[in-house]
Number of protein chains: 4
Amino acid sequence: MNFNTEKPIYLQIVDVISDRILSGELKGGDRIPSVREYGADIGVNPNTMMRSYEKLTADGIIYNKRGIGYFVADDARETVLRDQRKDFIEKEVPAIRQRMQLLGLDSSIFNA
Amino acid sequence: MNFNTEKPIYLQIVDVISDRILSGELKGGDRIPSVREYGADIGVNPNTMMRSYEKLTADGIIYNKRGIGYFVADDARETVLRDQRKDFIEKEVPAIRQRMQLLGLDSSIFNA
Amino acid sequence: MNFNTEKPIYLQIVDVISDRILSGELKGGDRIPSVREYGADIGVNPNTMMRSYEKLTADGIIYNKRGIGYFVADDARETVLRDQRKDFIEKEVPAIRQRMQLLGLDSSIFNA
Amino acid sequence: MNFNTEKPIYLQIVDVISDRILSGELKGGDRIPSVREYGADIGVNPNTMMRSYEKLTADGIIYNKRGIGYFVADDARETVLRDQRKDFIEKEVPAIRQRMQLLGLDSSIFNA
DNA sequence: GTGGTCTAGACCACC
DNA sequence: GTGGTCTAGACCACA
């Protein structure tokens, strides 16, 4: 996988997994690979992988069954959708609007 | 000044100065304060200030006159505007559009 | 290491590393020592080392893997060669030719 | 005048005056403008101008008549020619040859 | 372990 | 006075 240098890798992985849930590729109850397996798969240190899983767990997106593995929460898609929408609308939209104004751009650039 | 912890201080200073140029508060040819002066002003170490000036110089926004100080480039506003627009349109817009689609939102949220 | 006082140390280090790449001693993909290690090695502060690495990164000669270290870019040798040739031919050659003419010398002094 | 940022202004002025002597534009016995006059002319601080004259005086290229002004030395052209040739042949030529070898260039670039 | 940022303080050349 | 470089030492996030 190609990671961008500006953002921590573990957060980029969180984004990828969240997107897979949003798109329906991963569903509630699905097991996700172990940190070792997934880490080896995408060429990342298991510690880093672990941090991603911890973050997803803290956010209620996945949960752990001890000795078995990590699973997608039943309401994962709803949670991701709700959290991201809230974040997007409350934080990003105002920043984007301000920036567009400063740069003399208007929202039509999103329609093209 | 209040700095945000997510982004390096020296880059936040770059943003502030860029915005002052965009808004017309700083114009081509204007001298900007010395690293010591500006640093004392906003409670930042002169070395940190220097990093901001180095970045702005590398971007062609300001230039140095030896032993005298830093000055706003004649075409600074155009440069800032062009660079930021390019960055916004090429990098942010596609990411935003993709995210909106995934979240089931449309561009009308930017019109309200 | 012996540094010359006329040129900043961090740029002299950039030159040394560039030359090691040009000569083939360092190849694409090779890891270069950490700022602490290399710094201790040549008796220079890690911050100074960092400046050298920043410059090399900005020039596309090396790149960083987060938390791991710096690596020589795959096309580093080509980049160094191209950049230095360009600089030499466009900037130095005209200056040298002018100076030789003024001093009444000709290019045979380079053949001896 | 346009000064380059890499080299001290006072040395760039020394170069200009040396070149004017080499080219025959300034001859032995000619008076050169006062530091104030010359400085105003090229937009430079008189202190800076003074440093140039001091350097040229130390090198035996010009001399001062107290209360009258600075004059080009009778043997100025010979001195400049000798000093610059020595410097060029002993210091620059070896460096240039080494660099050309590293870059895979040959002296024909000076003939074109 | 790695880099990245920041502070404090110093020294220097230059204008 | 100005910037520019360098050191020392600290703290932090990330892998």
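In what follows, every heavy atom counts, from backbone to side chain, and hydrogens, waters and symmetry copies are set aside. Numbers restart at 1 for each chain; the letters A, B, ... are given by sequence-line order, proteins then strands.
Here salt bridge (charged side-chain N to carboxylate O under 4.0 Å, His left out) pairs that include residues 25-43 of chain A, with residues two or more places apart or in two chains, are A/Arg20-A/Glu25. Pairs engaging residues 28-60 of chain C under the ring pair (Phe, Tyr, Trp, His ring centres under 6.0 Å) rule: C/Tyr53-C/Tyr70 [sequence neighbours left out]. Residue pairs meeting the salt bridge (charged side-chain N to carboxylate O under 4.0 Å, His left out) criterion with at least one member in residues 57-70 of chain A, sequence neighbours excluded: A/Lys55-A/Asp59.
Residues passing the side-chain contact (heavy atoms from CB on, under 4.5 Å) test with B/Asp75 are B/Ala73, B/Glu78, B/Thr79, sequence neighbours excluded. With sequence neighbours left out, the side-chain contact (heavy atoms from CB on, under 4.5 Å) criterion links C/Asn2 to no other residue. Taking B/Asp15 as the reference, B/Lys7 meet the side-chain contact (heavy atoms from CB on, under 4.5 Å) condition, with sequence neighbours excluded.
Going from atom NZ of A/Lys55 over to atom P of F/dA15 covers 14 Å, rounded to whole Å. Atom CG of C/Asn45 is separated from atom P of F/dT7 by 5 Å (rounded to the nearest Å). A straight line from CE of C/Met49 to P of F/dT7 spans 11 Å, rounded to a whole angstrom. If you measure from atom CZ of C/Arg31 to atom C1' of F/dA15, you get 12 Å, rounded to the nearest angstrom. Look at CG on C/Leu11: it is 8 Å from P on F/dC6, rounded to the nearest Å.
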Atom pairs, protein N/O to nucleotides 10-13 of chain E N/O, distance under 3.5 Å:
none

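Among the nucleotides F/dT7, F/dA15, E/dA8, the one closest to any side-chain atom of A/Thr48 is F/dA15. Side-chain atoms of C/Asn64 lie closest to E/dG3 of the nucleotides E/dC15, F/dA15, E/dG3.
Each of D/Leu26, D/Ile61, D/Leu56 was evaluated against D/Val72; a single residue qualifies, D/Leu26, per the side chain to side chain contact (heavy atoms under 4.5 Å, CB included) test.
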Would you sketch DNA chain F in dot-bracket for me? Only Watson-Crick or G-U wobble pairs with both distances under 3.5 Å count, crossing pairs as [ ], other-strand pairs as |, the rest as dots. ||||||||||||||.
Contacts under 3.5 angstrom, residues 85-92 of chain C side chains, donor-acceptor by atom type, not counting sequence neighbours:
residue : atom : partner  : partner atom : Å
C/Arg85 : NE   : D/Leu103 : O            : 2.8
C/Arg85 : NH2  : D/Leu103 : O            : 2.8
C/Lys86 : NZ   : C/Glu90  : OE1          : 3.2
C/Glu92 : OE2  : D/Arg99  : NH1          : 2.4

